[in-house]
There are 2 protein chains.
Amino acid sequence: MRRTRFDRWPCPIARTTDLVGDWWTPLVMREAFSGRRRFEDFQRALKVPRAVLARRLDRLVDEGLLKKVPYQEHPPRYEYRLTDKGRAFWDVLAAMWRWGSDWLWGENGPPVILIDNETGREVRPLVVDQNTGNRLTGRRLRMGRKQDVGVLS
Amino acid sequence: MRRTRFDRWPCPIARTTDLVGDWWTPLVMREAFSGRRRFEDFQRALKVPRAVLARRLDRLVDEGLLKKVPYQEHPPRYEYRLTDKGRAFWDVLAAMWRWGSDWLWGENGPPVILIDNETGREVRPLVVDQNTGNRLTGRRLRMGRKQDVGVLS
DNA sequence: TCTCCTAAGTTCATCCAGCGAACTACATAG
DNA sequence: CTATGTAGTTCGCTGGATGAACTTAGGAGA
């Protein structure tokens, strides 16, 4: 049987899971953010099986996170560039970065950090509520239908 | 061959990918945040194959996101509860929620929203830099070794 | 006592997806 | 005419997801 698809479930987490649940996909996006554009660049950087990479890139183009842009004719060659949708995906990678940094290393934390190219300073991603600026805690949230907003029980 | 493991790569995104790349795992965590604790609760809510659920719960316990707590003897039964590490993972789910809400629906957006249990108001997760409070853009960031911080080229 | 029920898994056969290596296609460089 | 570069595709193998059935251990009801 085919792996259960989540991309039509009525939950944003489920639909996003359908993407990031493809093995290698977050890493392909990471590489796109670090400037890689061509098949061979991705392949050499990640050592990902070529067949898998081809499928991932195809899907990311289908989903609109990347777009194919020709960079030569004879033979026709395309590179993969981030779209707005793809750039927005950085937030997901940043949250993964932060959680991984905080919880998946012992002692001194990971050997790498995120650096702002303009200030040269370390960046520490944090997830907050856009309205209040407060840090989120899953405990105090629930998922509800749109009509439920503002209705205190 | 076994699927390539990322859990020892020197990059927080890679290590986190190793977790969320397991099919169903983010959804299991989502259910944990919505209060589910027992095997049958998770299984009924998600319709996940039982063998897969058992493996996911085992791994999440191994990785320290969930812990097994006995809730009865005769026969011995355990429930799965979030640890601090697991609660911190909410940030990753929140970022996925936001990106999915913004980019994986047409028209009116998804039929569901996140609601703060105390205020009853909608919550919109946003990823910012902890130091500056500014929204992040992947373009202006690079990953570097720890020694590189503050060193402007 | 016998049977049904619940909870938390385990086992099984099937089939899809990831794996590494080799191969192909097309153009240019020497 | 051969070598090189780029972007894939094909192939044989095997791990992992799938749904259904089975197991284990006890409790409840007739």
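Below, chains carry the letters A, B, ... as their sequence lines are ordered, and counting in each starts from 1. A quick note: this is a predicted structure, and the numbers were derived from the prediction, not measured.
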A.B. asks: Ignoring backbone atoms, establish whether A/Tyr71 has a side-chain N or O less than 4.0 Å from OP1 or OP2 of D/dA7.
C.D. replies: yes

A.B. asks: Base, sugar-phosphate, or nothing for A/Arg5, non-hydrogen atoms under 4.0 angstrom?
C.D. replies: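 The answer is nothing, as A/Arg5 stays clear of every strand by at least 4.0 Å.
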
A.B. asks: Quick one: B/Arg44 CZ to C/dG9 C1', roughly how many Å, whole number?
C.D. replies: 14 Å

A.B. asks: Here's a test of your reading of the structure: between A/Pro75 and A/Arg3, which maps to the more 5' nucleotide of DNA chain D?
C.D. replies: A/Pro75

A.B. asks: For B/Phe39 and D/dT24, what is the distance between atoms CZ and P respectively, to the nearest whole Å?
C.D. replies: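 Roughly 17 Å, once rounded to whole Å.
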
A.B. asks: Is the phosphate of C/dA7, meaning OP1 or OP2, less than 4.0 Å from a side-chain N or O of B/Tyr80?
C.D. replies: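 For B/Tyr80, the contact criterion (side-chain N or O under 4.0 Å from OP1 or OP2 of C/dA7) is not met.
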
A.B. asks: Closer to the 5' end of DNA chain C via nearest nucleotide, is it B/Thr4 or A/Arg2?
C.D. replies: A/Arg2

A.B. asks: Can you check the A/Leu57 CG to D/dG8 P distance for me, whole Å?
C.D. replies: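 Atom CG in A/Leu57 sits about 7 Å away from atom P in D/dG8.
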
A.B. asks: Starting from C1' on C/dA7, measure out to CG on B/Leu53 and report it in whole angstrom.
C.D. replies: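 Those two atoms, CG and C1', are 12 Å apart.
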
A.B. asks: Looking only at side-chain N and O atoms, does B/Arg55 come under 4.0 Å of OP1 or OP2 in C/dT10?
C.D. replies: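 So the side chain of B/Arg55 is outside the cut-off, no N or O lying under 4.0 Å from OP1 or OP2 of C/dT10.
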
A.B. asks: When you measure from the side chain of B/Asp116 to the backbone of B/Thr119, do you find a donor-acceptor pair of N or O atoms at a distance under 3.5 Å?
C.D. replies: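 Yes; judged by distance alone, with no hydrogens or angles, the pair exists.
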
A.B. asks: Charged N to carboxylate O below 4.0 Å: is that the case for B/Asp102 and B/Arg98?
C.D. replies: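 Here B/Asp102 pairs with B/Arg98 in a salt bridge, since their nearest N and O are under 4.0 Å apart.
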
A.B. asks: Cationic tip of A/Arg15 within the cone over B/Trp105's six-membered ring, i.e. under 6.0 Å and within 45° of the normal?
C.D. replies: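 Cation-pi check for A/Arg15 and B/Trp105: passes.
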
A.B. asks: Measure the distance from CZ on B/Arg56 to P on C/dT10 and round it to the nearest whole Å.
C.D. replies: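 These atoms are roughly 14 Å apart.
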
A.B. asks: Should B/Trp24 be listed as having a side-chain N or O under 4.0 Å from OP1 or OP2 of D/dT18?
C.D. replies: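 Yes.
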
A.B. asks: Which label fits B/Phe6 and A/Trp23: parallel for a plane angle under 30°, tilted from 30 to 60°, or perpendicular past 60°?
C.D. replies: parallel

A.B. asks: Relative to the 5' end of DNA chain C, which residue comes earlier, A/Glu73 or B/Ala54, by the nucleotide with the nearest heavy atom?
C.D. replies: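 Its nearest nucleotide lies further toward 5', so the answer is B/Ala54.
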
A.B. asks: Categorize B/Arg77 for me: base, sugar-phosphate, or nothing, with a 4.0 angstrom heavy-atom threshold over every strand shown.
C.D. replies: base

A.B. asks: C/dT10 C1' sits how many Å from B/Glu40 CD, rounded?
C.D. replies: 13 Å

A.B. asks: What is the distance, rounded to the nearest whole Å, between atom CG of B/Asp58 and atom P of D/dA17?
C.D. replies: 13 Å

A.B. asks: Over how many whole Å does the gap from A/Leu46 atom CG to C/dG20 atom C1' extend?
C.D. replies: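 Whole-Å distance recorded here is 16 Å.
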
A.B. asks: Testing the basics here: between A/Asp91 and B/Leu136, what is the closest heavy-atom pair and its distance to 0.1 Å?
C.D. replies: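 Looks like OD1-O, 4.2 Å.
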
A.B. asks: Please classify the nucleic acid contact of B/Arg50 as base, sugar-phosphate, or nothing, using heavy-atom distances under 4.0 Å.
C.D. replies: base

A.B. asks: Have a look at B/Phe42 and say if it touches a base, only the backbone sugar-phosphate, or nothing, with a 4.0 Å heavy-atom cut-off.
C.D. replies: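 Result for B/Phe42 = nothing.
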
A.B. asks: Reading DNA chain D from 5' onward, which residue's closest nucleotide shows up sooner: A/Met1 or A/Glu79?
C.D. replies: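 Here A/Glu79 is the residue nearer the 5' end.
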
A.B. asks: Donor-acceptor check, side chain of A/Thr16 to backbone of A/Ile13, threshold 3.5 angstrom: yes or no?
C.D. replies: no

A.B. asks: For a quick check of understanding: with a heavy-atom distance under 4.0 Å over all strands, which category does A/Val52 fall into, base, sugar-phosphate or nothing?
C.D. replies: sugar-phosphate

